[in-house]
2 protein chains.
Amino acid sequence: MKERVIQKDLTWCQQCLFIKQSALFLNEKQISTLEKNIYQLQFRPGETIFKQGDTTTHIALLNKGIVKFNFDDGHNRNLILSIVSAPKILGGANMFYRKRNLFSISAIDYCDICLIDQAILRDLLLENAKYTLMLFEKAMEMFDTAILNYISLANKNVKGRVADILIYLSDNVYKSQSFRVHLTRKEIAEFAGCSKENVMHTLAQWTRENIIHCEGKRLEILDMERLLKISRIG
Amino acid sequence: MKERVIQKDLTWCQQCLFIKQSALFLNEKQISTLEKNIYQLQFRPGETIFKQGDTTTHIALLNKGIVKFNFDDGHNRNLILSIVSAPKILGGANMFYRKRNLFSISAIDYCDICLIDQAILRDLLLENAKYTLMLFEKAMEMFDTAILNYISLANKNVKGRVADILIYLSDNVYKSQSFRVHLTRKEIAEFAGCSKENVMHTLAQWTRENIIHCEGKRLEILDMERLLKISRIG
DNA sequence: CTAAAAAGATGAAATATTCCACCCTTTTGT
DNA sequence: ACAAAAGGGTGGAATATTTCATCTTTTTAG
C-alpha cells in the first residue's frame with residue numbers, strides 16, 4: 001500500500017459538498033464540531049479506502065475521483081458491485097450502526113476523500129432529525145442504482161449487460177460519450193458478471209460493427225441508438 | 001383483484017411488532033396518533049400490495065404472511081428480487097421521500113398488513129431522531145440480503161443459485177428444512193434468473209441424487225451439507 | 001361439472017458462455 | 001535496463017443454458 005498524503009488545512013472541506021449541505025441543517029457550533037473532526041486523505045488508483053470484513057469507524061465523503069465497490073468471495077472470484085464518481089457519500093450503510101463491511105471500496109482514479117468519525121456524526125444526527133432524513137435520502141439514492149444493476153444482471157444476456165455498463169459509465173461516471181476507461185477488461189468482466197474473454201469478443205465485435213471505437217483504455221460510443229437497442233433486447 | 005377485507009378493530013395493531021418497537025421511542029400522544037392513522041388489511045396469495053410505477057402514500061407493516069418483490073421489465077420478462085416473511089417493514093425505501101415504486105410487492109401467502117400514512121410517520125420522525133435511526137437500521141437490514149442475493153446471482157452458476165434459494169427459503173422464510181413452497185417453478189426461475197426448465201432439471205437431478213425430496217409444492221432438504229457445497233463451488 | 005388455462009415434467013437441438021492455449025504489448029519492481 | 005507480471009487480444013473446444021416440442025397433472029373460471 002502506497003503512502004497516503006494527509007492534508008492539514010481545511011481548504012477542501014470548505015468547498016466540500018457535504019459540509020455545504022450540512023450547513024443548511026446544522027448550527028455554527030455543530031458545523032464547527034464537524035470541521036474539527038474531519039480528516040482529509042488522497043488515494044491513488046488501486047488503494048483500498050474501506051476493506052471488506054473490517055469494522056469501519058468513519059464515513060467517507062468522495063469529493064473527487066472514481067471508486068469501485070467490490071466483493072471478494074475468498075477464492076479467486078471477485079465481483080464489482082458498482083462504480084461511482086464524486087461527489088458521493090461512501091459507507092452510508094454503515095452510517096448509523098457499526099458492523100463489518102460487506103464489500104471493499106477502492107480508488108480506481110486519484111481520489112480526494114474526507115473522513116468523518118461515525119460517533120461524532122451520530123451525535124449530530126441525534127440532535128437533528130431533519131438532517132438525518134436528508135442524509136438518509138442521499139444514502140438511499142445508491143439503492144436505486146443497485147437495483148437497476150441487479151435487474152440488468154438478472155435478466156439480460158452478456159451483450160445486454162456490457163451495453164448497460166458502457167451506457168452507465170458514459171451517463172453517470174464520465175458524463176461523455178468518449179472517455180478513458182479506468183477499468184481493466186478483467187474488471188469490466190467482474191462488473192458484468194461474465195468472463196474477460198466474453199467482454200473482449202463483445203467489444204471487438206462492436207468495434208467491427210462501428211457501434212463503438214475501442215482501443216486500449218480509450219473508448220468512444222459511436223452509435224448510442226444501437227447500444228440502447230442491444231441493452232433493450234439483451 | 002379480489003376484495004380486501006378491512007378490519008375495523010385494532011386487535012392486531014396492539015400486538016403489532018412495529019407499534020411495540022415504536023412504543024420504546026414515542027410518547028403516549030405520539031403512539032395514539034400512530035394508532036389512529038393505521039389501516040389494517042388482509043391480502044390473499046396473488047394480490048398486489050404495492051404496484052411498480054405507483055406513487056405510494058403509505059408504509060406497510062407485514063405482520064403475517066409471505067410476500068415477493070418483483071420487477072416487470074414491461075415485456076414478458078419478470079424478475080423476483082426478494083422473498084420475505086413477517087415480521088418486516090415494507091416500503092422502507094419510500095419511508096422518507098415520496099417517489100414511484102421501482103418494483104411491485106405482492107402476497108404469495110395470506111398476509112396481515114398494517115398501513116401507515118407516510119406523512120403522519122414523517123411528522124413523528126421529525127420529532128424524534130432516535131426513532132428515525134431505529135427505523136433506518138430496520139430498513140437497512142434488507143440491504144444486506146439484497147447484496148448477498150446479487151453476489152449469488154453474479155458469480156455463481158445456475159445450480160449454485162438454485163441451491164442458494166433453497167437454503168435461503170429454508171433458513172429465512174420457512175425456518176424448516178421441510179416446507180410447502182409458495183413459489184411456482186416459474187417463480188423460482190425468476191428468482192434464480194434462469195429458465196424454468198433449468199430449475200426443473202436441477203430439482204429433478206437433486207431428487208435422483210437424494211439431496212432433496214421434491215414432489216409438487218412439497219420440498220424437503222435431505223442433505224444440507226451437499227447443498228451448501230453446491231452453493232460454495234457454484 | 002367441465003373446458004380452458006396454468007403448472008409440472010422431460011429430452012433433444014440450438015445457442016450462449018466459459019475455459020484453455022497462445023501471442024503480443026504495457027507496466028512494474030529491482 | 002531487464003525480467004517478471006499484468007493486461008490486451010484472438011480462436012476453437014468444452015460446457016452451461018435456453019429454447020422448443022410434447023405430455024401429464026393441477027388449478028381456475030364460468
Side-chain angles (χ1 to χ4, degrees), chain A residues 1-3 44-47 68 75-80 106 108 152-163 165 180-209 212-219 230 233-234, chain B residues 1-3 44-47 68 75-80 108-109 152-163 165 180-209 212-219 230 233-234:
Chain A
M1 167 97 82
K2 283 153 194 166
E3 199 168 314
R44 294 160 193 268
E47 288 187 306
K68 67 172 177 180
H75 237 75
N76 26 19
R77 266 183 306 213
N78 203 1
L79 176 66
I80 295 185
S106 21
I108 58 171
S152 167
L153 192 67
N155 74 10
K156 290 182 185 181
N157 60 24
V158 170
K159 294 207 195 313
R161 268 138 53 194
V162 176
I165 288 177
R180 197 184 149 276
V181 204
H182 289 85
L183 299 168
T184 65
R185 300 295 191 263
K186 186 163 160 284
E187 284 175 319
I188 296 176
E190 287 168 353
F191 198 9
C194 70
S195 69
K196 153 193 128 192
E197 289 88 341
N198 206 335
V199 167
M200 296 215 266
H201 290 154
T202 301
L203 295 180
Q205 187 194 328
W206 289 348
T207 297
R208 283 195 299 276
E209 293 174 357
I212 59 173
H213 180 74
C214 174
E215 212 182 324
K217 294 282 186 205
R218 200 76 228 162
L219 201 147
I230 290 166
I233 65 174
Chain B
M1 167 97 81
K2 283 153 194 165
E3 199 168 313
R44 292 160 194 268
E47 288 187 307
K68 66 172 176 180
H75 238 76
N76 26 19
R77 266 184 305 212
N78 202 0
L79 175 65
I80 295 185
I108 59 172
D109 192 6
S152 167
L153 192 67
N155 74 7
K156 290 183 185 181
N157 60 23
V158 170
K159 295 207 194 312
R161 268 137 54 194
V162 175
I165 288 176
R180 198 184 149 276
V181 204
H182 289 86
L183 300 168
T184 65
R185 299 294 190 264
K186 185 163 160 285
E187 285 174 318
I188 296 176
E190 288 168 353
F191 199 8
C194 69
S195 70
K196 146 190 131 194
E197 288 87 342
N198 205 335
V199 168
M200 295 214 266
H201 290 154
T202 301
L203 295 180
Q205 187 194 328
W206 289 348
T207 297
R208 282 195 300 277
E209 293 174 356
I212 59 174
H213 181 73
C214 174
E215 212 182 324
K217 295 283 186 204
R218 199 76 229 163
L219 201 148
I230 291 166
I233 64 174

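Given the structure is predicted, the values throughout are model-derived calculations rather than measurements. Naming convention: chains lettered A, B, ... in sequence-line order (proteins, then strands); numbering from 1 in each chain.
Taking K217(A) as the reference, nothing meets the salt bridge (charged side-chain N to carboxylate O under 4.0 Å, His left out) condition, with sequence neighbours excluded. The salt bridge (charged side-chain N to carboxylate O under 4.0 Å, His left out) check on K68(B) picks up E187(B), with sequence neighbours excluded. By the salt bridge (charged side-chain N to carboxylate O under 4.0 Å, His left out) test, R218(A) pairs with no residue at all, sequence neighbours left out.
Put simply, K217(A) has a side-chain N or O that comes within less than 4.0 Å of OP1 or OP2 on dG8(D).
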Distances for protein N or O near nucleotides 10-13 of chain D N or O, under 3.5 Å:
unit_1  : atom_1 : unit_2  : atom_2 : d
dG11(D) : N7     : H201(A) : NE2    : 3.2

Got a list of protein N/O to nucleotides 24-26 of chain D N/O distances below 3.5 Å?
none

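Rounded to whole Å, the distance from CZ on R185(B) to C1' on dT27(D) is 15 Å. With rounding to whole Å, K186(B) atom NZ is found 16 Å from dA5(C) atom P. Rounded to a whole Å, the CD1 atom of I108(B) is 13 Å from the P atom of dA7(C). Rounding to whole angstrom units, CD1 of residue I233(A) and C1' of dT15(C) are separated by 15 Å. Distance R218(A) CZ to dT26(C) C1': 18 Å, rounded to the nearest Å. Taking atom CG on L219(B) and atom C1' on dA9(C), their separation rounds to 15 Å, with Å as the unit. Rounded to a whole Å, the CD atom of Q205(A) is 15 Å from the P atom of dT15(C). Atom CG of N198(A) and atom P of dC20(C) are 15 Å apart (whole Å).
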Side-chain donor-acceptor contacts of residues 153-160 of chain A below 3.5 Å, not counting sequence neighbours, with atom names and distances?
unit_1  : atom_1 : unit_2  : atom_2 : d
K156(A) : NZ     : D164(A) : OD1    : 3.4
K156(A) : NZ     : D164(A) : OD2    : 2.9
K156(A) : NZ     : S231(A) : O      : 3.1
K156(A) : NZ     : S231(A) : OG     : 3.1
N157(A) : OD1    : K159(A) : N      : 3.3
N157(A) : OD1    : G160(A) : N      : 2.9
K159(A) : NZ     : Q205(A) : OE1    : 3.3

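Comparing S195(A) and L203(B) by the nucleotide of DNA chain C whose heavy atom lies nearest to each, the residue mapping closer to the 5' end is L203(B).
Side-chain contact between R161(B) and C194(B) is present, with heavy atoms from C-beta onward closer than 4.5 Å.
Atoms CD1 and CG, from I108(A) and L183(A) in turn, are 4.5 Å apart once rounded to the nearest 0.5 Å. Note: L219(A) CG to I212(A) CD1 = 5.0 Å, rounded to the nearest 0.5 Å. Atom NE2 in H213(B) sits 12.5 Å away from atom CG in L203(B) (nearest 0.5 Å).
The C1' atoms of five pairs define one axis at each end of the helix from dC1(C)-dG30(D) to dT30(C)-dA1(D), and these two axes lie 70° apart (to 10°).
Here the closest non-hydrogen pair linking R185(B) and C214(B) is NH2-SG, 3.4 Å. Shortest non-hydrogen contact noted between W206(B) and V162(B) is CZ3-CG1, 3.9 Å. Taking each heavy atom of S106(A) and E47(A) in turn, the nearest pair found is CB-O, 3.1 Å. Taking every heavy atom of both residues into account, I188(A) and V199(A) meet most closely at CG2-CG1, 3.9 Å.
Residue pairs meeting the side chain to side chain donor-acceptor pair (under 3.5 Å) criterion with at least one member in residues 191-201 of chain A, sequence neighbours excluded, do not occur.
Nucleic acid contact class of T184(A) (heavy atoms, under 4.0 Å, all strands): sugar-phosphate only.
DNA chain D lies under 4.0 Å from no heavy atom of any residue of residues 152-163 of chain A.
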